[in-house]
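Okay, so here's the structure we're looking at.
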2 protein chains.
Amino acid sequence: METDRQPYRPLYTQIQEALVRRIVEGEWRPGELLPSEQALALQMGVSQGTIRKAMDALETEKIIDRRQGKGTFVAELTQEKSVYRFFRLLRPDGRRIVPTSGNETVRLQPMGARAALALGLAEGTPAFEVLRTRLVDDQPVAFERTIVPEKVFPVLDRHSPLPNALFTLYQREYGINVVSTDERLRADLCDEQDAAYLGLTQGAPLLEIERVAVTVTGERVEWRLSRCNTSLCMYGITLT
Amino acid sequence: METDRQPYRPLYTQIQEALVRRIVEGEWRPGELLPSEQALALQMGVSQGTIRKAMDALETEKIIDRRQGKGTFVAELTQEKSVYRFFRLLRPDGRRIVPTSGNETVRLQPMGARAALALGLAEGTPAFEVLRTRLVDDQPVAFERTIVPEKVFPVLDRHSPLPNALFTLYQREYGINVVSTDERLRADLCDEQDAAYLGLTQGAPLLEIERVAVTVTGERVEWRLSRCNTSLCMYGITLT
DNA sequence: GAGTGGTCTAGACCACGCA
DNA sequence: GCGTGGTCTAGACCACTCT
């Protein structure tokens, strides 16, 4: 007599999930050294090869950092790495932009319909809204509106001035790891607010980037709308 | 006495390159079955594990297709796979667009400055230019100008009507495998030509996508400029 | 049942970083 | 020189596909 067959799950995927769980739960903090592969193999009762295969996946997901001769570390979202990983704006000549911010304001207010829809929350949910301008060579190139639920990031306004890459703050202060973003791009015309922030005239073309940040556990924790002056910059990406 | 030390190259990377070379040279055609891992291991004088690791990389690069129980095949760019892999336009509600073409024209003429610059060729190099309109639900949403060197794709005009995904044609008829694209996005205003092709009014916002296609050997073989009506579609992508 | 890719193990050795 | 991750091997067994 046979019972219901469980779907087949390789051992290394279970190891992988166990490791993610232990990292998310804070057993090892960002930047910390993990036990060696041999030690984990002994501890978890599998061979080193199986630990390796699990860690290969974690490395691909950028959850850990492996350094030959030194060890394996929980990935840390440093400013440089984080900024370049998710910030895709380039100068017209193709060089990368290191964004700097101007005119930052943070306020607590009910979440708007568009952000709420994208984050799967109810309109009016208490949220922090961060408005800032992105500068390149002291020229404003983009105007950003970032909205996060207050419940997920309490007292966000206390951390002002905010870092250029908010994801580093999310990780450091809230233990929340953003691992991917969904982006939607459209063209639009410059409205009155854009014109004021970007020093453009109404009716000029604008690139609008709508972004949702997703954590390692699949939660959508941040919504951002960027409106970019693409006469000063462009969005660049390689598809594979 | 020591001679110059060669930089260290793991065995599996050499196997990987050898396999790519044999595929590019046509020893196995797209869709064909490769020898089994065991057979290749014997043939190349390494262990099966090393063949596996090389093939893991080829699979990530989408150069081969592995199917448990059946074997390993040279990847074939089918219409469905190829279209979805590099075509990032979505409907306003987020559903994928299956592009269909209208008004296709192909002509042989000197390459323009912008395409030549992007492809690293001299302006005026003989080239085929493909103009077509992309339709969604019989509505024109994008106007595409695709330029390829005649030398790389001789008598391209004989293959009309062209498939929706040109990359499948490049692979099937010319043995050229596109494995990645570099894309640059900007916002612009609708000009007279756009207006004619897309049924818009001049001054409406447009999303411009400039794309360069790169082969497995790193050659830039195609330049494309798409001008999209983002009131009917948008560009969507997930960053990781 | 035969053959393929996929998993898992155990052990050896290599390249790297650091003290 | 030691400990770490990275490579390579050899062999066993599992899951899947087709005959």
Side-chain angles (χ1 to χ4, degrees), chain A residues 2-20 22-23 28-76, chain B residues 2-20 22-23 27-28 30-76:
Chain A
E2 226 185 69
T3 60
D4 272 3
R5 230 162 51 87
Q6 293 295 324
Y8 173 63
R9 309 267 332 285
L11 188 49
Y12 73 89
T13 62
Q14 301 171 42
I15 296 293
Q16 181 184 341
E17 282 160 20
L19 290 172
V20 169
R22 290 168 74 175
I23 290 172
W28 306 292
R29 305 275 314 158
E32 262 185 41
L33 182 62
L34 294 181
S36 74
E37 296 178 352
Q38 284 293 0
L40 284 172
L42 275 175
Q43 182 189 114
M44 305 180 82
V46 299
S47 77
Q48 190 205 2
T50 301
I51 297 285
R52 266 196 88 65
K53 183 140 190 184
M55 286 190 156
D56 284 347
L58 298 186
E59 188 176 34
T60 302
E61 294 179 71
K62 297 199 174 75
I63 293 172
I64 59 172
D65 241 8
R66 295 200 278 194
R67 295 181 221 153
Q68 189 173 34
K70 299 189 70 173
T72 301
F73 302 80
V74 180
E76 201 167 12
Chain B
E2 226 185 70
T3 60
D4 272 3
R5 228 163 52 87
Q6 294 295 326
Y8 173 64
R9 310 270 328 289
L11 189 49
Y12 72 90
T13 63
Q14 302 171 41
I15 297 293
Q16 183 185 340
E17 283 160 19
L19 289 172
V20 169
R22 291 169 74 176
I23 290 172
E27 181 169 342
W28 305 292
E32 262 185 41
L33 181 63
L34 294 180
S36 74
E37 295 178 353
Q38 283 294 0
L40 283 172
L42 275 175
Q43 182 189 113
M44 305 179 82
V46 299
S47 77
Q48 190 206 2
T50 301
I51 297 285
R52 265 198 89 64
K53 184 141 191 186
M55 285 189 156
D56 284 347
L58 298 187
E59 189 176 34
T60 302
E61 295 179 71
K62 298 198 172 75
I63 293 172
I64 59 172
D65 240 8
R66 294 202 278 194
R67 295 180 221 154
Q68 189 174 28
K70 299 187 70 170
T72 301
F73 301 79
V74 179
E76 203 168 9

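Order of the sequence lines sets the chain letters (A, B, ...), proteins ahead of strands, with each chain counted from 1.
Taking atom CG of residue B:L40 and atom P of nucleotide C:dG3, one finds them 17 Å apart after rounding to whole Å. Between B:I64 atom CD1 and C:dG6 atom P the separation is 9 Å, expressed in whole Å. Between A:I51 atom CD1 and C:dT9 atom P there is a gap of 9 Å when expressed in whole angstrom units. Distance, B:E59 CD to C:dG6 P: 6 Å, rounded to whole Å. The OH atom of A:Y12 sits 9 Å away from the P atom of C:dG6 (whole-angstrom rounding). Distance CG (A:L42) to P (C:dG11): 12 Å, rounded to an integer number of Å. If you take CZ of A:R9 and C1' of C:dC8, they are 16 Å apart, rounded to a whole angstrom. For the pair A:Q48 CD and C:dT9 C1', the computed distance is 11 Å after rounding to whole Å.
To the nearest 0.5 Å, atoms CE (B:M44) and CZ (B:R22) are separated by 5.5 Å. Rounded to the nearest 0.5 angstrom, A:I51 CD1 and A:L42 CG are separated by 9.5 Å. Note that the CG atom of B:D65 and the CG atom of B:L34 stand 10.0 Å from one another [nearest 0.5 Å]. With rounding to the nearest 0.5 angstrom, the CG atom of B:L19 is 6.0 Å from the CG atom of B:L40.
Under 4.0 angstrom from either OP1 or OP2 of C:dC8 there lies no side-chain N or O belonging to A:T50. In this structure, A:R66 reaches the D:dG6 phosphate: one of its side-chain N or O atoms is under 4.0 Å from OP1 or OP2. Between D:dG6 and A:R52, a contact under 4.0 Å exists linking OP1 or OP2 to a side-chain N or O. Between B:S47 and D:dA10 there is no side-chain polar atom (N or O) within less than 4.0 angstrom of OP1 or OP2. A sub-4.0 Å separation between OP1 or OP2 of C:dA15 and a side-chain N or O of B:Y8 is absent.
Side chains of B:Q16 and B:L58 form a contact here, defined as non-hydrogen atoms less than 4.5 Å apart.
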Practice problem: Mind running side chain to side chain contact (heavy atoms under 4.5 Å, CB included) on B:D56 and A:D56 for me, showing each step along the way? | Solution: CA-CA 12 Å; B:D56 284 347; A:D56 284 347; over 6 Å; no
Could you pull out the protein-nucleic contacts involving nucleotides 17-19 of chain C (nitrogen or oxygen on both sides, under 3.5 Å)?
residue, atom, partner, partner atom, Å
C:dC18, OP1, A:K70, NZ, 3.1

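Just one of B:K53, B:R66, B:R52 meets the salt bridge (charged side-chain N to carboxylate O under 4.0 Å, His left out) condition when paired with B:E59; it is B:R66.
Comparing C:dG5, C:dT7, D:dT9 by their nearest atom to the side chain of A:P10 picks out C:dT7.
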